Amino acid sequence: QVQVVESGGGLVQAGGSLRLTCVVSGTMFSPNVVDWDRQAPGKERELVARTISTGTTNYADSVKGRFTISRDNTKNTVYLQMNSLKPEDTAVYYCGYRDAHKGYNHVNWGQGTQVTVSS
């Protein structure tokens with residue numbers, strides 16, 4: 001019953017910034033995990049950032065120091081602030097929610113939002 005919707009993608013120049021938004025609707029349980037994945041043309045889908053409700057975060061090495069994942073728990077919303085964007089960041093970005101209530105192997109994925117970084 002949980003639904004996830006991403007937004008905020010767009011076209012930006014290299015060095016620019018975007019903030020992606022992930023809104024989770026339905027009943028959220030704690031603890032929970034929210035991931036941002038991305039898939040670029042010709043590349044495998046990869047995890048770029050993770051936030052755990054207990055307070056920890058994780059980032060792919062390729063985005064450390066440039067991307068920040070954060071939560072607004074009052075709105076059931078997770079953000080991905082992307083700074084110093086590079087053309088290689090171009091991808092469809094997906095947000096996924098999971099919790100222990102449904103099982104951490106059951107992921108509620110959004111539809112994705114396109115990020116395009118021009119050189």
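The structure presented is a predicted model; accordingly, all values stated were derived computationally and were not measured.
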Qualifying residues under side chain to side chain donor-acceptor pair (under 3.5 Å), relative to [X], sequence neighbours excluded:
| X | answer |
| --- | --- |
| Thr51 | Arg71 |
| Gln39 | none |
| Gln114 | Thr116 |
| Thr57 | none |

Exercise. Could you check Asn58, Ile52, Thr54, Val107 and say which one makes a side chain to side chain contact (heavy atoms under 4.5 Å, CB included) with Val33?
Key: Ile52

Taking the side chain as C-beta and beyond, is there a heavy-atom pair between [X] and [Y] under 4.5 Å?
| X | Y | answer |
| --- | --- | --- |
| Asp89 | Arg66 | yes |
| Glu6 | Leu20 | no |
| Gln111 | Val5 | yes |

Heavy-atom closest pair, residues [X] and [Y]:
| X | Y | value |
| --- | --- | --- |
| Trp109 | Asp37 | CH2-OD2, 3.2 Å |
| Leu18 | Leu85 | N-CD1, 3.9 Å |
| Thr90 | Ala40 | O-CB, 3.2 Å |
| Tyr59 | Lys64 | O-CE, 3.3 Å |
| Ser53 | Pro31 | OG-CA, 3.1 Å |

Self-check item: Residue pairs, two or more places apart or on separate chains, that pass disulfide bond (SG atoms under 2.5 Å apart) and touch residues 20-96
Solution: Cys22-Cys95

Self-check item: N/O donor-acceptor pair under 3.5 Å between Glu46 side chain and Arg38 backbone
Solution: no

Quiz prompt | Qualifying side chain to side chain donor-acceptor pair (under 3.5 Å) pairs with a residue from residues 8-27, counting only residues at least two apart or across chains | solution = Ser17-Asn83

Self-check item: Residue pairs involving residues 9-39 (criterion ring pair (Phe, Tyr, Trp, His ring centres under 6.0 Å); sequence neighbours excluded)
Solution: Phe29-His101

Practice problem: Not counting sequence neighbours, list each pair that qualifies as a ring pair (Phe, Tyr, Trp, His ring centres under 6.0 Å) and has a residue in residues 70-98. | Solution: none

Quiz prompt | Pairs satisfying salt bridge (charged side-chain N to carboxylate O under 4.0 Å, His left out), at least one member in residues 91-115, at least two apart | solution = Asp35-Arg98

Quiz prompt | By salt bridge (Lys or Arg N to Asp or Glu O under 4.0 Å) - contacts of Lys43 (at least two apart) | solution = none

Quiz prompt | Under the side-chain contact (heavy atoms from CB on, under 4.5 Å) test, residues paired with Glu88 that sit two or more places apart | solution = Lys86

Quiz item: Is Ile69 reachable from Met28 through a run of hydrophobic residues whose side-chain heavy atoms are each under 4.5 Å from the next?
Solution: yes

Exercise. Using ring-ring contact (aromatic ring centres under 6.0 Å, His included) as the criterion, list what pairs up with Tyr104, not counting sequence neighbours.
Key: none

